[in-house]
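Letters A, B, ... mirror the listed sequences (proteins, then strands); counts begin at 1.
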Amino acid sequence: MRANKALETALAAFVSERGWQWPDKTTVEPPKDKRFGDLATNLAMVLAPQAKANPRATAEDIAAHLRAACPDLAAVDIAGPAFINATFTPAFWQKTAAEAIEAGAAYGRLDAGAGKKVMVEYVSANPTGPLHIGHGRGAAVGDSLARILRAAGYDARTEYYLNDAGRQMRLLGTSVWVRAQQALGRDAELPEDCYKGDYIKDVAKIALERGGDALPAMDEAAAVDFCRQVAQDEILAGIKKDLEDFRCEHQVWFSEKSLLEAGKVEETFELLRSQGRAYDKDGAFWFRSTDFGDDKDRVLRKSDGSLTYFASDIAYHDDKYRRGFDLVVDIWGADHHGYVPRMSAAVQALGREAGDLRVILVQLVNLLQGGEQIAMSTRAGKFETLADVCAEVGADAARFTFLSRKSDSHLDFDLELVKQRSMDNPVYYVQYAHARINSVFRKAADEGVDAGRPDAATLARLDTEADLDLLRHLERYPDCVATAAESMSPHHVSYYLTELAGLLHRYYTVNQVLAAPDADTVRARLHLLAATAQVIRNGLDLLGVDAPEAM
RNA sequence: GCCCCCGUAGCUCAGUCGGAUAGAGCACAGGAUUCCUAAUCCUGGUGCCGCAGGUUCGAUUCCUGCCGGGGGCACCA
């Protein structure tokens, strides 16, 4: 039923009746202060240039129009400079409960995305070691964003770009081979730029088992390659498991190597060259990214003949668009922000609009324990990895915490706090609201109370301020989904849910449900709780957090 | 030096498109449960929205400069 829509429609009718244009700067939104009604609009003020009249006078005309045209409105007031404050009837809000119950999991689904194909590429960490907590934040953001976009009506797919070619993988193979030789008692030294984590030794053991007698007898190149393959398989299996445990789905694992083997990178080179966007210089092959605002041109093929990471990444993005994606979203660590202008340039050189690529930068996570910073060095600290953190605090708490801040601001992740069941850690506050409601339902079932269908006559019992506060917030849930999708910011959902849970807890404390004064009120309140539980479930689902029936 | 992000209550942070007296939680103090889960609720007060200009009916929000914190400036990824 959408209060905004109802009001906007009535306002638009007024504007066109007068033969005026709807001003872009018009806002129709809930005011900060409840005293100003349910929705406020600045229309009279932004209409002033066209109306050529005192905004207050225009406001009077608008108010009169609304009172006549909109039966759902209980009051229309004018306040301040010329704000128009609209208050809806209780009956209007009460319908929200029925809507949420009837729509169920679909409540809050929108068609804003109009089926537009969006790819969310996220995590995409090199398979050279286990995922750490920073990857975890990117994982939570990417997965949740995909869920939100789907709810908003986009056809969103998820993908992991697997850097299985190139220098880092060779270094990985070398690292494992050195450790394997050391395990064999040979004299071998780990080069400076190799991977030093203890997990490399574990992989070396596996390589030795799997290679049998053949591995020690191999020549250097063959051994390194064998070790690289074993390492990649092992580490990737670990990454997949970690992501699964963290409830992150990647529908496609896209191999960089496959791109190279299919000649896609060379194809992209030729495309760029033919359009004058690339050239040879100093023995290297360059992309003219400065044509699209980058600071300097970028190398695609180095003078030693090897390719840069950027080269295959361009080919990969080209492939994404060729597969029909209208919009490509990349989730990157904020330390890669310097990479944005060149990727944007590449996308434009491929013939797309700059807006067809959205890069979400995820800031670093500051891992703490009881306020003390835990060093995030290369050494294997106890809770450095995503898997360890997950085991320690649980996926629900970890995900909610990651999604409780704007992704581009730094996040303190304190293991002590995230384990705690306090308002420092709102995940339990929200989950508890859901569990409490279900506890009432269990009791209702025990007592043989059946709420029946949420008809208007019953819902009319929801007429107190507390009832209406809750109803109004439920009505705004679709707006929350719209905002989160539009700004690609999952944290809006966590804030919404924390607020909704607060309203529920307050309501619960004051209003007895099963012991309400009469049977109709009991049923009405059960409906209100059912609607609230539904919205909590829907919202938590967007964050990938469970909604437990009991705690 | 250049570029990006951040700066809002003692702490951690919200505040798409400029709006009315700038919000929440935590912390601190006091109170609430013979009753559907007290993992809850209620009552207390706090702000030169980093600083200085500009844009306008109106700026925490937009623009410019400066200060402070973080990050990035590779023929690495």
Side-chain angles (χ1 to χ4, degrees), chain A residues 24-27 29 31-33 35-36 40 42 45-46 48 55 79-83 85 124-126 128 163 166-168 171 193 281-286 295-296 298-310 313 333-341 361 363-364 366 371 404-406 408-412 414 417 420-429 431-433 435-444 446-447 449 479 482-489 491-492 494-495 498-499 501-502 504-516 522 525-526 529 550-551:
Chain A
D24 289 341
K25 292 170 80 176
T26 309
T27 57
E29 59 191 9
K32 286 179 210 160
D33 193 323
R35 287 186 301 118
F36 298 129
N42 63 353
M45 288 178 279
V46 292
F83 284 104
N85 299 325
S124 298
N126 285 347
T128 55
N163 299 118
R167 180 179 136 81
Q168 298 307 317
L171 282 176
D193 48 3
K281 193 184 101 183
D282 301 336
F285 184 60
W286 298 72
D295 292 340
K296 51 175 292 201
R298 304 292 173 176
V299 169
L300 299 178
R301 189 191 292 116
K302 299 179 239 178
S303 51
D304 68 1
S306 63
L307 298 172
T308 60
Y309 174 86
F310 184 43
D313 214 7
D335 54 340
H336 285 57
H337 78 254
Y339 200 80
V340 175
L361 296 174
Q363 267 295 356
L364 305 179
N366 201 13
S404 66
R405 299 271 186 273
K406 266 188 310 204
D408 59 2
S409 48
H410 292 267
L411 175 71
D412 282 344
D414 192 315
L417 289 184
Q420 250 177 51
R421 295 162 177 190
S422 71
M423 262 306 276
D424 265 337
N425 191 22
V427 62
Y428 296 112
Y429 186 77
Q431 289 184 320
Y432 182 47
R436 267 187 147 174
I437 292 172
N438 278 278
S439 155
V440 176
F441 290 159
R442 280 192 295 275
K443 180 118 194 239
D446 285 349
E447 295 179 1
V449 178
D479 297 327
T483 302
E486 202 171 311
S487 58
M488 298 200 177
S489 310
H491 76 275
H492 282 117
S494 19
Y495 270 86
T498 305
E499 214 169 309
L504 183 278
H505 287 310
R506 249 160 276 155
Y507 187 87
Y508 180 95
T509 306
V510 177
N511 299 284
Q512 287 283 302
V513 175
L514 296 173
V522 170
R525 289 182 181 174
L526 283 171
L529 259 52
M551 288 172 75

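The cationic atom of A:Arg298 (NZ for Lys, CZ for Arg) does not lie both less than 6.0 Å from the six-membered ring centre of A:Phe310 and within 45° of the ring axis.
Nearest heavy-atom pair, A:Asn366 versus A:Asp412, reported as atom, atom and distance to 0.1 Å: ND2-OD1, 3.1 Å.
Rounded to an integer number of Å, the gap from A:Glu499 CD to B:rU40 P is 17 Å. Atom CG of A:Leu411 is separated from atom P of B:rG70 by 18 Å (rounded to the nearest Å).
Taking side-chain N and O atoms only, A:Thr498 has no distance below 4.0 Å to OP1 or OP2 of B:rC13. In this structure, A:His336 does not reach the B:rG71 phosphate: none of its side-chain N or O atoms is under 4.0 Å from OP1 or OP2. Using a 4.0 Å cut-off, no side-chain N or O of A:Lys406 falls inside it from OP1 or OP2 of B:rU8. Between A:His505 and the phosphate of B:rC42, there is no side-chain N or O to OP1/OP2 separation shorter than 4.0 Å. For B:rA38, one of the phosphate oxygens OP1 or OP2 lies less than 4.0 angstrom from a side-chain nitrogen or oxygen of A:Arg436. For B:rC35, neither phosphate oxygen OP1 nor OP2 lies less than 4.0 angstrom from any side-chain nitrogen or oxygen of A:Tyr508.
Put simply, the side chain of A:His337 and the base of B:rG72 share no donor and acceptor less than 3.5 Å apart.
Side-chain N or O atoms of A:Asp304 include one that pairs as donor or acceptor with a backbone N or O of A:Ser306 at under 3.5 Å.
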